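Just so it is clear, the model here is predicted, and its values are computed rather than measured.
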Amino acid sequence: MKKIAFLLGFIFSGISIASAQDAVYKNDTLIYKNIKIYPMQKIQLLYGAKPDKNFVFISNNKRMDDPLPAIVSKQKGGILKIIKQHSKYYAVGYLSDAPAYLAKEIVIDLEGAIDNNEIKIESK
């Protein structure tokens, strides 16, 4: 019985590892979970992942220590460039109608924002 449980656990762990998808960056385009992300692409913020709807994976600066407030939910904008830092991919972008107290550029942890539904990437 222990051998069967062990084999089932091994099979299920293999399935979950195989289903995890890494981000692939090629020719200025990042592909993550079958979503293509590239410069000049339009985006829309959804709602932040925190219970108060503040953002976790979208920040007002490159240090990612100033997350965006919930008031910018549903704002539209775009991606300016994609950067890789410490094996993670970030987008530097902008919001079209951002409040004046926010910086002109925002930084998006792409994998975190997509996984937690903080952002919608508009397709062509």
Fill in: Which atom of Met64 lies closest to which atom of Ile58, heavy atoms considered
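So the two residues come closest at CE-N, 4.2 Å.
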Item to complete: Specify the closest pair of heavy atoms between Gly77 and Ser96, including all atoms of both residues, with the distance to one decimal.
Response: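 Here Gly77 and Ser96 meet closest at CA-OG, 3.8 Å.
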Discussion item. Do Val24 and Leu110 sit in one hydrophobic cluster, given that two such residues count as connected whenever their side-chain heavy atoms are within less than 4.5 Å of each other, even indirectly?
Written reply: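 Shared cluster, no.
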Worksheet item: Is there a chain of hydrophobic side chains (I, L, V, M, F, W, Y, each step under 4.5 Å between heavy atoms) that links Leu102 to Tyr47?
Response: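 In one cluster: no.
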Spacing of [atom1] belonging to [X] relative to [atom2] belonging to [Y], to within rounding of 0.5 Å:
X: Ile106; Y: Ser59; atom1: CD1; atom2: OG; result: 9.5 Å
X: Asp109; Y: Gln85; atom1: CG; atom2: CD; result: 10.5 Å
X: Lys50; Y: Phe57; atom1: NZ; atom2: CZ; result: 10.5 Å
X: Ile79; Y: Leu30; atom1: CD1; atom2: CG; result: 8.5 Å
X: Ile35; Y: Ile119; atom1: CD1; atom2: CD1; result: 9.5 Å
X: Lys42; Y: Lys76; atom1: NZ; atom2: NZ; result: 10.0 Å

Is a donor on one side and an acceptor on the other found under 3.5 Å between the side chain of [X] and the backbone of [Y]?
X: Gln75; Y: Leu95; answer: no
X: Asp52; Y: Asn54; answer: yes
X: Gln41; Y: Glu122; answer: yes
X: Asn61; Y: Arg63; answer: yes
X: Glu118; Y: Gly112; answer: no

So does [X] have more than 12 non-hydrogen atoms from other groups sitting under 6.0 Å from [atom1]?
X: Tyr32; atom1: OH; value: yes
X: Lys33; atom1: NZ; value: yes
X: Ile71; atom1: CD1; value: no

Practice prompt. Let me know which of Ile108, Ile114, Ile31 forms a side-chain contact (heavy atoms from CB on, under 4.5 Å) with Ile37.
Written response: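 So, applying the side-chain contact (heavy atoms from CB on, under 4.5 Å) to Ile37 and each of Ile108, Ile114, Ile31, only Ile114 qualifies.
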Are [X] and [Y] close enough that some pair of their side-chain heavy atoms sits under 4.5 Å apart?
X: Asp28; Y: Ile82; answer: no
X: Lys104; Y: Tyr94; answer: no
X: Lys74; Y: Leu46; answer: yes
X: Phe55; Y: Val72; answer: yes

Item to complete: Check the pair Tyr89, Tyr25 against ring-ring contact (aromatic ring centres under 6.0 Å, His included), reporting the backbone distance first and the verdict last.
Response: CA-CA 9 Å; Tyr89 290 96; Tyr25 185 68; 5.8 Å; yes
Worksheet entry | side-chain contact (heavy atoms from CB on, under 4.5 Å) between Leu45 and Ser73, intermediate numbers included | CA-CA 6 Å; Leu45 299 184; Ser73 296; 5.8 Å; no
